Amino acid sequence: MAAGGEPIRWQTRMAPLMAGAVIFSAIVFTVILVWQFAALEQRTKTPAPPTIAWTAPGREPANFQQQLQLANVQASYDLERETIARRYGETNALLEARLW
(Lines give C-alpha, C1' and ligand atoms only; values in the text may rest on other atoms or scores of the structure.)
Protein backbone atom coordinates (compact mmCIF):
# COMPACT_ATOMS: atom_id res chain seq x y z
CA MET A 1 0.00 0.00 0.00
CA ALA A 2 1.08 3.49 -0.69
CA ALA A 3 1.62 6.05 1.99
CA GLY A 4 -1.95 7.37 1.77
CA GLY A 5 -3.52 3.93 2.35
CA GLU A 6 -4.38 3.42 -1.31
CA PRO A 7 -3.45 0.12 -3.02
CA ILE A 8 -0.46 0.10 -5.30
CA ARG A 9 -1.20 -0.18 -9.01
CA TRP A 10 -0.11 -3.85 -9.31
CA GLN A 11 -2.35 -4.80 -6.39
CA THR A 12 -5.32 -3.27 -8.12
CA ARG A 13 -4.53 -5.14 -11.35
CA MET A 14 -4.03 -8.48 -9.55
CA ALA A 15 -7.21 -8.32 -7.42
CA PRO A 16 -9.54 -9.90 -10.05
CA LEU A 17 -6.99 -12.63 -10.79
CA MET A 18 -6.60 -13.48 -7.11
CA ALA A 19 -10.38 -13.48 -6.57
CA GLY A 20 -10.75 -15.82 -9.56
CA ALA A 21 -8.04 -18.12 -8.19
CA VAL A 22 -9.79 -18.32 -4.83
CA ILE A 23 -13.16 -19.07 -6.45
CA PHE A 24 -11.60 -21.69 -8.76
CA SER A 25 -9.86 -23.37 -5.82
CA ALA A 26 -13.09 -23.45 -3.83
CA ILE A 27 -14.95 -25.07 -6.72
CA VAL A 28 -12.21 -27.66 -7.29
CA PHE A 29 -12.03 -28.63 -3.63
CA THR A 30 -15.84 -28.81 -3.37
CA VAL A 31 -16.00 -31.17 -6.34
CA ILE A 32 -13.23 -33.35 -4.88
CA LEU A 33 -14.94 -33.40 -1.48
CA VAL A 34 -18.28 -34.50 -2.95
CA TRP A 35 -16.55 -37.11 -5.08
CA GLN A 36 -14.67 -38.50 -2.07
CA PHE A 37 -17.86 -38.68 0.03
CA ALA A 38 -19.62 -40.56 -2.77
CA ALA A 39 -16.71 -43.00 -3.02
CA LEU A 40 -16.69 -43.45 0.76
CA GLU A 41 -20.40 -44.15 0.80
CA GLN A 42 -19.99 -46.80 -1.88
CA ARG A 43 -17.14 -48.45 0.05
CA THR A 44 -18.97 -48.49 3.36
CA LYS A 45 -22.19 -50.03 2.12
CA THR A 46 -22.85 -53.33 3.82
CA PRO A 47 -23.08 -56.19 1.34
CA ALA A 48 -26.12 -58.40 1.41
CA PRO A 49 -25.62 -61.32 3.80
CA PRO A 50 -25.20 -64.71 2.21
CA THR A 51 -28.12 -67.06 2.10
CA ILE A 52 -27.62 -70.48 3.57
CA ALA A 53 -29.34 -73.60 2.36
CA TRP A 54 -30.08 -75.08 5.76
CA THR A 55 -30.95 -78.49 4.48
CA ALA A 56 -29.83 -80.37 1.42
CA PRO A 57 -32.49 -81.95 -0.76
CA GLY A 58 -33.53 -85.24 0.77
CA ARG A 59 -31.99 -84.37 4.17
CA GLU A 60 -34.85 -82.53 5.87
CA PRO A 61 -35.24 -82.92 9.64
CA ALA A 62 -36.74 -86.29 10.40
CA ASN A 63 -38.46 -85.55 13.69
CA PHE A 64 -39.68 -82.65 15.82
CA GLN A 65 -36.46 -82.49 17.87
CA GLN A 66 -34.36 -82.00 14.74
CA GLN A 67 -36.81 -79.38 13.41
CA LEU A 68 -36.58 -77.51 16.72
CA GLN A 69 -32.79 -77.66 16.68
CA LEU A 70 -32.69 -76.39 13.09
CA ALA A 71 -35.11 -73.56 13.96
CA ASN A 72 -32.87 -72.56 16.90
CA VAL A 73 -29.78 -72.51 14.68
CA GLN A 74 -31.58 -70.46 12.03
CA ALA A 75 -32.83 -67.96 14.62
CA SER A 76 -29.36 -67.62 16.14
CA TYR A 77 -27.86 -67.06 12.71
CA ASP A 78 -30.47 -64.46 11.77
CA LEU A 79 -30.00 -62.59 15.05
CA GLU A 80 -26.22 -62.55 14.67
CA ARG A 81 -26.50 -61.42 11.05
CA GLU A 82 -28.85 -58.59 12.03
CA THR A 83 -26.56 -57.55 14.90
CA ILE A 84 -23.54 -57.38 12.62
CA ALA A 85 -25.48 -55.42 9.99
CA ARG A 86 -26.60 -52.89 12.62
CA ARG A 87 -23.05 -52.51 13.94
CA TYR A 88 -21.78 -51.81 10.43
CA GLY A 89 -24.59 -49.32 9.91
CA GLU A 90 -23.79 -47.49 13.14
CA THR A 91 -20.09 -47.44 12.35
CA ASN A 92 -20.74 -46.06 8.87
CA ALA A 93 -23.04 -43.38 10.26
CA LEU A 94 -20.45 -42.42 12.87
CA LEU A 95 -17.70 -42.24 10.26
CA GLU A 96 -19.77 -40.04 7.96
CA ALA A 97 -20.83 -37.81 10.86
CA ARG A 98 -17.23 -37.33 11.91
CA LEU A 99 -16.22 -36.41 8.39
CA TRP A 100 -18.96 -33.79 8.14
Side-chain angles (χ1 to χ4, degrees):
M1 294 215 169
E6 297 177 15
I8 301 175
R9 188 170 150 208
W10 69 268
Q11 290 175 330
T12 305
R13 287 191 327 209
M14 292 297 289
L17 176 67
M18 297 307 289
V22 169
I23 292 171
F24 176 76
S25 298
I27 291 171
V28 167
F29 284 114
T30 302
V31 168
I32 290 172
L33 179 71
V34 169
W35 177 63
Q36 286 294 324
F37 272 116
L40 178 67
E41 185 178 345
Q42 289 297 322
R43 280 183 285 179
T44 58
K45 281 188 178 177
T46 308
T51 56
I52 295 177
W54 292 101
T55 58
R59 297 202 43 163
E60 289 82 18
N63 56 29
F64 179 74
Q65 188 65 27
Q66 290 177 350
Q67 289 176 351
L68 184 61
Q69 185 178 9
L70 179 61
N72 283 336
V73 169
Q74 287 174 333
S76 296
Y77 173 78
D78 288 340
L79 287 172
E80 186 66 25
R81 184 181 62 189
E82 183 66 26
T83 301
I84 291 170
R86 286 180 185 252
R87 285 182 188 156
Y88 272 103
E90 289 173 2
T91 303
N92 292 341
L94 180 65
L95 176 65
E96 290 178 7
R98 285 188 70 189
L99 289 175
W100 279 108

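Because the structure is predicted, anything quoted here is derived from the model rather than measured.
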Q69 side chain vs Q65 backbone, donor-acceptor pair below 3.5 Å: no
Separation between CD1 of I32 and CD1 of I27, rounded to the nearest 0.5 Å: 12.0 Å
Hydrophobic cluster membership, L95 vs F37, 4.5 Å side-chain cutoff: yes
Hydrophobic cluster identity match, L17 and F24, side-chain contacts under 4.5 Å: no
Same cluster (ILVMFWY, side-chain, under 4.5 Å), I8 and M14: yes
Point-to-point distance, once rounded to the nearest 0.5 Å, from CG of L94 to CD of E90: 9.0 Å
Spatial distance of atom CZ (R86) from atom CZ (R81) [nearest 0.5 Å]: 12.5 Å
Between CD on residue Q67 and CD on residue Q74, distance to nearest 0.5 Å: 10.5 Å
From CE (M18) to CZ (R13), nearest 0.5 Å: 14.0 Å
Distance in Å, N63 CG paired with L68 CG, rounded so as to fall on 0.5 Å steps: 10.0 Å
